[in-house]
Structures are given as C-alpha cells and as structure tokens.
Amino acid sequence: MTPETRTATGTPRAAFTGKAPAALNDPRLRANFRRAMDGLMAKRAAQFADPAEWAALRARGTEARARALAKLPELLERLERRCTENGIVVHWAETPAEANAIVLGILQAAGARRVIKGKSMVTEEIHLNAHLEAHGITTVESDLGEYIIQLAGEAPSHIVMPCIHKNKAEIAALFAARIPGQGYTETVDELTAAARRTLRGEFARADAGISGVNFAVAETGTLVLIENEGNGRLSTTLPPLHIAVTGIEKALENLEDVPPLLSLLTRSATGQPITTYVNMISGPRRPGEKDGPHAVHLVLLDNGRSRIYGDPELRDTLRCIRCAACMNHCPVYTRVGGHTYTFTYPGPIGKILTPQIEGLDCAGDQPHASSLCGACAEVCPVQIPIPELLVRLRGEAVHPGPAAVAVKGGGSGYTLFESLGWRCSTLVFTSPRLYRTVGRLAGWFGTLMPGWLPPLNRWTRFRSKPRFARHSLHQLARKGGYDHE
Amino acid sequence: MNDGPGIKARSRILARLRAAPQPPLSDRPPPGAADWTPPVHGPTRLARFRAMLEASRAEVHEVTAADWPARLRELLTDRGVARLLYAPNSEIGRRLAAAWSAAGPDAGGPALVAYDRPVEEMKPVLVDGVDAALTGSRGGIAHTGSVVLWPTAEEPRLMSLLPPLHVALVEEAALADSLSHAIAAWGWPRGMPANALLISGPSRTADIEQTLAYGVHGPKALIVLVIVQ
C-alpha cells in the first residue's frame, strides 16, 4: 500500500492504517468503546439465550432478506407502484450527487429553508447535510447522538449509537459551550432535557423532515422506521414535507417479513425486544386528517449497490439490516473506534461495504484490518459471511476478477515486489529440495541478517529479532529417529 | 413521477440488477427457516402484555368499559394534569366529554382540550399547551408489550407524540400474541393507513454513556388502560 497518496476525491489512501496507531494510543477513546461494547454484547446475549429460537429466527430472517435480493428488480418496481398509489413520490438516484440534487430540488420547490433530520446513515453516506448547507438550507439533526456530534462537528463513530466515542464529561462541556443558557452538568437527565428544549423549537420551525428507512415493504408501499426517541416520528409527522432516503437494497417483499427481521434487528442492536416506536408510513396526510406531511418523497439510492449485486458472492453484503452487532463484537473496532475507518460505515460491515462502494484503491487497507476471528459472522442476524468476503476482497485487490464484475479499484493493491515475494515462496513451499536448501541457508545466515533490513524491519519495529535455529524441525526429528510416517 | 435524469437513473439501475446472474432460489425455505413460528401466549396474553410494558417503564391499569373515565380522572388528578388533549369526534372522545360534563365542573380533574383543527392552527397548543393526551388504539401486541395505533382523521398522529404524558386505551379482546399474528388477523396487507404505529413505552434514549433517559422527544410517561372483558 502506498502511504500518503490521495484518491481523486481527496480521501487519503490507506486511511485506516494511518489513523489506527493514534486511536490505539488514546486511553480515553479505548475506555469509552470498551465500556460501551461490553454493555451492548451483554444485552444482546441476554436476548438470544435460547439457541434454538435464535437459529430458527435467524434462518427466517436470512431467508426473507435473500428472497428480497433475489427478486430485487421486481420488488423495486412493485414498491414504486404501491408507493405511487399511496401518494408517495418515488425518485431514483445512481450516485450521491444525484440523490443530493433530488433532495435539494424537492426542498427548493417547496421553498423549504429549515430541515429537521431523523437519524439516517444513508444521508451520512451521501453527505447530504453539507450539500444542503452549501445551498443555504439549515439542517438540524434531532437524534440525541446525532445532535451531539453535529454540535461537535464530527461524524458518527457507530451506526446505531453515533456518539458512543464521547463520555458524559465531554458532552457536558460541549453543551455548556454550544447551547445558549446551558450550564455545565453531567447529569444525563438534565443533558437530555436541554436537548429536548432546544429541539422542540427546531421541530416546530422546520419546513421539512428528512429520514432514512429500515425496511421498504413492496407489498403495501410502506416505509418502516424504528427508533426509541420519537424524533423520527416528529421529523416525519410535524413538518409539512417528508423526504425519506434509502439504499435500493432495503426492499422487502411482504409485510409478514417485517416481524422476524424487526425482532432480529432490535435484539441484535441494543438488546431490546422492540424499539419504543415502530413507525409505518404508507403515504402523506389523507383528506380530512389533521396532521402528517402533505407530501412524502422516497429517494432510492444506488451508489454502487447494483454493482455489488452483480457478483453472486459479494451480493451477500446487501443482506445487511444495519444492526451493528458485527462492530459491537469486533476486537478491532472495539480498540480503534469508528472514526479510524474514515468512511460512513465502520467495523466489519464497513470493511466489506466501504471498499466496494468507494473502491479498493482508497479503502483497500480495510479488508486487512481483521484477524478473521469470525465473531462478526457468528452474531450476524442475516448470516453474512463477513470473513469470507474479507478474504475475497483481499484477493480482488491484487488479482481482480473478470472486468464485468470486478470490484471498483480491483487490482490496485498489486505491487511487483509483493507479487515476486509470493511467487518465490510458492516455489519454495512446493519443492521439497528447494525448501530444504532455503531452510539450511536461513539457519546459517538468517541470524546475520540486520534487523533494519526491509521487510524484517516491520517485525523488529515492535519486537526483538528472531534467532534462527541451526537445525530445522525436520532435521531434529530425523535425528531423533522419527521417519516420514 | 420522475424527472428526466431520474428516469435514466431508474432504467440504468434496473438494467444492471436484471443483468446480474441469478442464483436459483428454491421454492422451499432453507433449512431452519420453516422452524420459526411467531411466539404464542394464549391465556397468559394479558399478563405478558402488562409485564413487557412495565419492563419498559409504562404504567398498566385494568379498567372496565363502564369505569374507565372515572379511573382516568383519578390517575390524571393524582399526577396534577391540568389540560388533557382529546379527540372530540372519536367514540372515546365522546365518552370522555360526556363523562366530564356529567360529573360537572366541581368534580376536579383536567380541563379538556380538543384536537379539532389541522396541526398548522394547533401547533402552539400541541407543542407546549397540554399536559397529556388520551387516544384509543387498534389493539395491542402481547409478546413485545406494544400498543398499536392507527391514527385517523378523528384521532390524529401527534396526540401520542407531543404531550409529555400519553394515555392509551386498549381492549383486552384486541390483544394479539405477536406482530405476525396481528398482521395476519387484522388483514394489514390489504390496506394500511397513512401511518401505523407500535408504541412500546415512553420515549427514551441511551445515547449518553448508555444511560437510559426518558422523554427525550416524545412523552416522558405512558399509561395503558386495558379494558378487560
């Protein structure tokens, strides 16, 4: 990996590798994540105490997601038809730029100046807030965690709990500095009340609400949104205009697919049997109704998903329901935190999704940021084989598949030096004679090799230099009277 | 419904999806999936409903079709509720108003505030001018302790969201074991309202150090009155 070069969009290549050491050396960040992840793992484990129930529910959920993907083009058309019948205006966007332009266009046509937002990772993915702000539209995040990081000018570090990297002292200081009339307090109830006070006014003033979508049901044209705070409901009910943005992969075939997936999602994410609110939106305010938005728009975003769909193995990435269990259980994520991943989706799901969306040329180091321990696949409620996909992407980075399905930026990790190195080792390990010769040479000269010599220096930077034994295990065994069998 | 570039994006996205190789999808569900059946509670339905709601910090009271207005008045008076938002044209709203006027002005309890105009005209009252709201419900879900709301023209959506206290009436006869049972038994696939809701407790957040705090945006408290048979 070439360090310190930048991609066309200005993102540093190998950003993860560059940022990880600083995160590892930050004891406060490490403590914040360790505490949070331990709590989330315990809560999830308590929910799935019955292994038979877990296995059956998980199989049912996986089946629903796999079936939805198998029928995706048909389901998207049905979803569009049903939504349109229900009065929801459907838009399609291939790229983040198109999606941002569509949302801006809707807002400008409605004369909207202030937008209140429910939590939505896909709008983080397309950097919608920055686009709207650049065009003079004020956007206020209303999920407490999102509100906190918006005040701090940061990005989410977790897809379910966006400000998990901050402790309450940091939040107390932030509120005291940024909310007019707010004194310093570390009492969680008082901090929450301060956010409620400030945001109530924002809800009442907003010209439009923007939200994500958890499940888009093709059968009935229903957008399912789950949340605990009520801010999602407020964002989608109080302002006269609601715009929902979602990835095309969120479609489900039937309403009856929702209960098993809902159960898997909330129990995996926060260990709750259900979230406080499950909001099912099937259209704008109907004649005679006294509230609800007058117009509802749905923006379907591709942004590389149809390309991922083209590969039968990588397609499993799209089954994800964004519960975050994989990151909660990831030993790497827990130690470096979400910001180290630079892009919107951190942790194991990010490590397979980001390189496919952004390209292996700018996020090619992410599939390597894993010990392949398999904890993520073990807890994934829809059985995404994350470790297998990590290995596949590592391969794509050096030997890309056929051009039609190749992952964006495939082959960008290829270096002649590494390739020669592997070719040599293949030769050595497939020829007994060569293996013995090299082993003997290493025994004689290996110890004389200076520690600063690349690539040995990668090892000796943190560890003492190994001493090579004079005799190999083979030789010792033969001497001890052991033969081949 | 699309503008020019949107139509192009639509056809390109669908073309790419259609061009993708389709691994055969078996008609039968994969091994294990058929083993899942929605949870059943039967005779313990009400007990489960109550236990799950209470675990989420909601209050549950059993009432009868005859005595609920009086019980409600007691509960609200105890909590010092001065203004109660209600839906004047719903059946529940009419019962409530009748009970309040029958009891006379000296009976105590909160004053009734009607949600009888569009939100645009009611905003200040809704956002800051009431202490509680009373709604009916489509029913309840025992397994997760959820109240099912189908807001209507008579009973608007924001009633269960803006006031600091939400009181919901649920008929015991309209309790379903699980969401799956409710979807099938109530024929949801045949027609959904513009907005349907499951409410399983007061508004809450754990965004600050995973510490639970209530009432961050929606009601700080939820009272469920179950009308038992």
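In what follows, every chain begins at residue 1, and chains take the letters A, B, ... in the order their sequences are listed.
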Working note: Leu75(B) + Ile223(B), criterion side-chain contact (heavy atoms from CB on, under 4.5 Å); need CA distance, chi angles, decisive distance, verdict. CA-CA 9 Å; Leu75(B) 285 167; Ile223(B) 297 179; 4.3 Å; yes
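The part of Ile248(A) that comes within reach of chain B is its side chain, from C-beta onward, which places non-hydrogen atoms under 4.5 angstrom from that chain. If you measure heavy-atom distances from Ser178(B) to chain A, you find no contacts under 4.5 Å at all. Using a 4.5 Å cut-off between heavy atoms, Thr220(A) touches chain B through its side chain atoms alone. Contact of Ile148(A) with chain B is made through the side chain alone, with heavy-atom distances under 4.5 Å. Heavy-atom distances place both the backbone and the side chain of Arg285(A) under 4.5 Å from chain B. For a residue to count as touching a neighbouring chain, one of its non-hydrogen atoms must lie under 4.5 Å from one of that chain's; by this rule Leu223(A) does not touch chain B. Heavy atoms of Ile281(A) lying under 4.5 Å from chain B belong to its backbone as well as its side chain. Neither the backbone nor the side chain of Ala15(B) has a heavy atom closer than 4.5 Å to any heavy atom of chain A. For chain B, the nearby part of Thr275(A) is the backbone; its heavy atoms alone come within less than 4.5 Å. Both the backbone and the side chain of Pro260(A) come within less than 4.5 Å of a heavy atom in chain B. Of the two parts of Leu222(B), neither the backbone nor the side chain holds a non-hydrogen atom closer than 4.5 Å to a non-hydrogen atom of chain A. Proximity to chain A (any heavy atom under 4.5 Å) is shown, for Thr211(B), by both the backbone and the side chain. Contacts of Ser11(B) with chain A are absent, with no heavy-atom separation under 4.5 Å from either backbone or side chain. Proximity to chain A is limited to the backbone of Pro202(B), based on heavy atoms less than 4.5 angstrom apart. Proximity to chain A is absent for every atom of Met122(B), based on heavy atoms less than 4.5 angstrom apart. Of the two parts of Leu158(B), the backbone and the side chain both hold a non-hydrogen atom closer than 4.5 Å to a non-hydrogen atom of chain A.
At most 12 heavy atoms of other shown residues, nucleotides or ligands fall within 6.0 angstrom of atom CD in Glu91(B). More than 12 heavy atoms of other residues, nucleotides or ligands sit less than 6.0 Å from atom CZ of Arg117(B). Residue Asp38(A) places its CG atom among more than 12 non-hydrogen atoms of other residues, nucleotides or ligands, all under 6.0 Å distant. A 6.0 Å sphere centred on CZ of Arg83(B) holds more than 12 heavy atoms belonging to other residues, nucleotides or ligands.
In this structure, OH in Tyr277(A) is found 12.0 Å from OG in Ser146(B), a value given to the nearest 0.5 Å.
The pair Glu229(A)-Lys119(A) does not count as a salt bridge, with every side-chain nitrogen at least 4.0 angstrom from each carboxylate oxygen. Note on Arg58(A) versus Glu53(A): no salt bridge recorded, every NZ/NE/NH1/NH2 to OD/OE distance being 4.0 Å or above.
When all heavy atoms of Leu161(B) and Gly230(A) are compared, the closest pair comes out as CD1-O, 3.9 Å. The shortest non-hydrogen separation linking Pro259(A) to Leu255(A) is CD-O, 3.3 Å.
Contacts with chain A were tallied for Pro118(B), Ala194(B), Ala20(B), Gly215(B); Ala194(B) has the most, counting heavy-atom pairs under 4.5 Å.
Between His41(B) and His143(B), the distance from one ring center to the other falls under 6.0 angstrom.
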